[in-house]
Novice: 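One structure is given below, represented as C-alpha cells, and several questions about it will come after.
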Amino acid sequence: QLAQVSIKSHFNASHNPYAHFKKAVTMSEVHKARMVAEPLTVLHCCPWGDGAAAVVVCAADVAKRYTDKLCPKVVASIHKSTLPDGDPLFTLTQHSAQLAYDAAGIEPADLDLIELHDAFTIEEIIYSEALGLCSKGEGGRLAEDGTTSLTGKHAINSSGGLISMGHPIGPTGLGQIAEVLWQMRRECGKRQVQKSVNLAMTHMVGAGGVCVIHLFKR
C-alpha cells in the first residue's frame, strides 16, 4: 500500500511539466530502490529543491477585471499550531480539518481533490484518515483500490505531491493551490481529475507543529 502511493504520485507527476520527477515508476522499482529507513526506500521520500510559487488573492468582483477564467473561492482558511495533547501529525490535522469543514459547511465525502503533505508515503495514508476520508486504519486501502487516483472518488495529489512534484519547502503550499486552480479550470491535460472538481482542499504541516488547511469551491 505504501508503494502504491509512490506509484500513483510518480504517475501523476509524469504528466506535470512543473514536477521535480517526471518519470513513472513500477512496484518493483519502488521496492528495489535505495533504502532510507526501513521500509521506506528513496522512492517513498520527497526530494528537497529550489522553487517558487505565487497566488493572487482578491475579491471576486476584482478578479473579473483581470480574467474571464474560473477563479476558485476560498471557503475556509485554518491555521493551527501544536495542540496541548494528541499526536502532532494525526490529531492536529484532524482538529484543523474539522474546523475547516465546519466553516465551509461541508463533509469530507464532498471533497473531489486533496493536495496534502506527503513528504513520505506513509503521510498520505495517515492524513487521509485524519481528514476523515476513511476510518482509521483504512488509509492504505484507499491507495490500493484506486479511490485516490485521478479517476477515484477522492483524488489525492494530482500534481504528484511532495514525493514527486517536489518539496521546495516555502513554495510547496502555494504550489498545491495552483494545482487546485488548474484542476478546477480543467487545464491539466493527462493528469486531469476525471470528474468535475467542485470542492478541493490543500493541506500542509510543518515539523509536526503547525497545520494549514484551505478549502476551495469552484
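These figures come from a predicted structure and were not determined experimentally.
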Novice: Between atom CG of Leu99 and atom CG of Asp102, what is the distance when rounded to the nearest 0.5 Å?
Specialist: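 Those atoms lie 6.5 Å apart.
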Novice: Please check if atom NZ in Lys217 has more than 12 non-hydrogen atoms from other residues, nucleotides or ligands closer than 6.0 Å.
Specialist: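 Counting neighbours around NZ of Lys217, 12 or fewer heavy atoms of other residues, nucleotides or ligands fall under 6.0 Å, so no.
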Novice: Quick check: is Leu174 connected to Leu113 through a chain of hydrophobic side chains (ILVMFWY, heavy atoms under 4.5 Å apart)?
Specialist: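 Both belong to a single hydrophobic cluster.
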Novice: Side-chain contact, heavy-atom cut-off 4.5 Å: Thr93 with Ile126?
Specialist: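 Heavy-atom side-chain distance check fails, nothing below 4.5 Å.
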Novice: Answer yes or no: is there a side-chain heavy-atom contact under 4.5 Å between Tyr127 and Ile156?
Specialist: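 No; the side chains remain at least 4.5 Å from each other.
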Novice: Check whether any side-chain heavy atom of Pro168 sits under 4.5 Å from a side-chain heavy atom of Asp50, and report yes or no.
Specialist: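 Side chain of Pro168 against side chain of Asp50, heavy atoms only: no contact under 4.5 Å found.
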Novice: Phe216 versus Thr202: any side-chain heavy-atom pair under 4.5 Å?
Specialist: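 Yes - at least one pair of side-chain heavy atoms lies under 4.5 Å apart.
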Novice: Any chance you could measure Leu43, atom CG, to Ser9, atom OG, to the nearest 0.5 Å?
Specialist: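 Those atoms lie 11.0 Å apart.
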Novice: Side chains of Leu150 and Phe11, heavy atoms from C-beta outward: is any pair under 4.5 Å?
Specialist: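 They are in side-chain contact.
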Novice: Grab the two heavy atoms, one from Ala24 and one from Ser14, that are nearest each other, plus how far apart they are.
Specialist: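 Scanning both residues, the minimum pair turns out to be N-CB, 3.9 Å.
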Novice: Just so I know, are the side chains of Leu131 and Ile213 near enough to count as touching, which here means a heavy-atom distance under 4.5 Å?
Specialist: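 Touching, per the 4.5 Å side-chain cut-off.
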Novice: Counting only N and O atoms by type, is there a donor-acceptor contact under 3.5 Å from the side chain of Ser196 to the main-chain atoms of Asn198?
Specialist: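 Looks like no, no N/O pair under 3.5 Å.
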Novice: Taking the side chain from Thr41 and the backbone from Val30, do they hold a donor-acceptor pair closer than 3.5 Å?
Specialist: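 Indeed, once roles are kept as given, a pair shorter than 3.5 Å links the two residues.
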Novice: Roughly how far, to the nearest 0.5 Å, is CG of Leu142 from OG1 of Thr148?
Specialist: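 Interatomic distance, Thr148 OG1 to Leu142 CG, rounded to 0.5 Å: 6.5 Å.
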Novice: In a check of side-chain hydrogen bond (donor to acceptor under 3.5 Å, both in side chains) between Asp112 and each of Arg218, Lys153, Lys195, which one passes?
Specialist: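 Checked Arg218, Lys153, Lys195 against Asp112; only one passes side-chain hydrogen bond (donor to acceptor under 3.5 Å, both in side chains): Lys195.
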Novice: Assess whether side-chain contact (heavy atoms from CB on, under 4.5 Å) is satisfied between Asn157 and Leu116, documenting all intermediate values.
Specialist: CA-CA 6 Å; Asn157 292 341; Leu116 59 73; 3.9 Å; yes
Novice: Keeping the roles fixed (side chain from Asn12, backbone from Gly161), state whether a donor-acceptor pair exists under 3.5 Å.
Specialist: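 No, Asn12 side chain to Gly161 backbone: no donor-acceptor pair under 3.5 Å.
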Novice: So which atom in Pro17 and which in Lys22 form the shortest heavy-atom distance, rounded to 0.1 Å?
Specialist: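 Result for this residue pair: O-CE, 3.1 Å.
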Novice: Over all heavy atoms of both residues, which pair between Gly140 and Glu129 is shortest? Give the atoms and the distance, please.
Specialist: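 Scanning both residues, the minimum pair turns out to be N-OE2, 4.5 Å.
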Novice: Take Cys46 and Met165 through the test side-chain contact (heavy atoms from CB on, under 4.5 Å) and record every step on the way to the result.
Specialist: CA-CA 9 Å; Cys46 72; Met165 181 189 65; over 6 Å; no
Novice: Give the cluster check for Val42 versus Met27: same hydrophobic cluster or not, with ILVMFWY residues linked at side-chain heavy-atom distances below 4.5 Å.
Specialist: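 Linked within one cluster.
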Novice: Decide if the gap between the ring center of His167 and the ring center of His117 is smaller than 6.0 angstrom.
Specialist: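 Under 6.0 Å, so yes.
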Novice: Does one hydrophobic cluster hold both Leu70 and Val193, with members joined at side-chain heavy-atom distances below 4.5 Å?
Specialist: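 As far as the 4.5 Å side-chain criterion goes, Val193 and Leu70 are connected within one cluster.
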Novice: What's the separation between atom OG in Ser164 and atom CG in Asp118, rounded to the nearest 0.5 Å?
Specialist: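 Output value for this atom pair is 7.5 Å.
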Novice: Over all heavy atoms of both residues, which pair between Gly51 and Pro171 is shortest? Give the atoms and the distance, please.
Specialist: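 Nearest pair, atom of Gly51 first, then Pro171: O-CG, 3.3 Å.
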Novice: Between Ser149 and Thr151, is there a side-chain donor-acceptor contact under 3.5 Å, judged purely by atom types and distance?
Specialist: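 Indeed, the side chains of Thr151 and Ser149 share at least one donor-acceptor pair under 3.5 Å.
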Novice: Nearest 0.5 Å please: distance from the OG atom of Ser6 over to the CD atom of Gln1.
Specialist: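 Reported to 0.5 Å precision, the distance equals 14.0 Å.
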Novice: Nearest 0.5 Å please: distance from the CE atom of Met201 over to the CD1 atom of Ile177.
Specialist: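 CD1 of Ile177 is found 12.5 Å from CE of Met201.
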Novice: Consider side-chain contact (heavy atoms from CB on, under 4.5 Å). Of Ile106, Val74, Leu199, which one does Leu215 pass it with?
Specialist: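 With Leu215 as partner, side-chain contact (heavy atoms from CB on, under 4.5 Å) holds for just one option, Ile106.
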Novice: Decide yes or no on side-chain contact (heavy atoms from CB on, under 4.5 Å) for His15 and Cys188, but give the supporting numbers first.
Specialist: CA-CA 8 Å; His15 299 297; Cys188 290; over 6 Å; no
Novice: Tell me whether Ser135 contacts the main-chain N or O of Glu138 through its side chain, where contact means a donor paired with an acceptor under 3.5 Å.
Specialist: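 No, Ser135 side chain to Glu138 backbone: no donor-acceptor pair under 3.5 Å.
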Novice: Is it possible for you to say whether Ile125 and Phe90 belong to one hydrophobic cluster, with membership spreading through side-chain heavy-atom contacts below 4.5 Å?
Specialist: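 Same cluster.
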Novice: Considering all heavy atoms of both residues, which atom of His214 and which atom of Ser77 are nearest to each other, and what is their separation?
Specialist: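 Where His214 meets Ser77 most closely, the heavy atoms are NE2-OG, 2.9 Å.
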Novice: Starting from the C-alpha separation in whole Å, work towards a yes-or-no answer on side-chain contact (heavy atoms from CB on, under 4.5 Å) for Lys136 and Gln94.
Specialist: CA-CA 11 Å; Lys136 198 167 185 180; Gln94 184 181 53; over 6 Å; no
Novice: Within the distance-only criterion (no hydrogens, no angle test), does the side chain of Asp110 pair as donor or acceptor with the backbone N or O of Glu107 below 3.5 angstrom?
Specialist: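 Looks like yes, one N/O pair under 3.5 Å.
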Novice: If you define the side chain from C-beta out and look only at heavy atoms, does anything of Val180 sit under 4.5 Å from Val197?
Specialist: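 Val180 vs Val197: side chains apart.
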Novice: Can you name the closest pair of heavy atoms from Leu162 and Pro47 and give their distance?
Specialist: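 The pair with the smallest heavy-atom distance is O-CD, 3.3 Å.
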Novice: Hey, which of Gln183, Gln176, Glu115, Glu179 is the one that makes side-chain hydrogen bond (donor to acceptor under 3.5 Å, both in side chains) with Ser159?
Specialist: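 So, applying the side-chain hydrogen bond (donor to acceptor under 3.5 Å, both in side chains) to Ser159 and each of Gln183, Gln176, Glu115, Glu179, only Glu115 qualifies.
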Novice: Decide whether Met204 and Tyr18 are clustered together by the hydrophobic rule: side chain heavy atoms of Ile, Leu, Val, Met, Phe, Trp, Tyr closer than 4.5 Å, transitively.
Specialist: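 Each belongs to a different hydrophobic cluster.
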Novice: Any heavy-atom pair between the side chains of Val205 and Leu92 that's under 4.5 Å?
Specialist: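 Not in contact.
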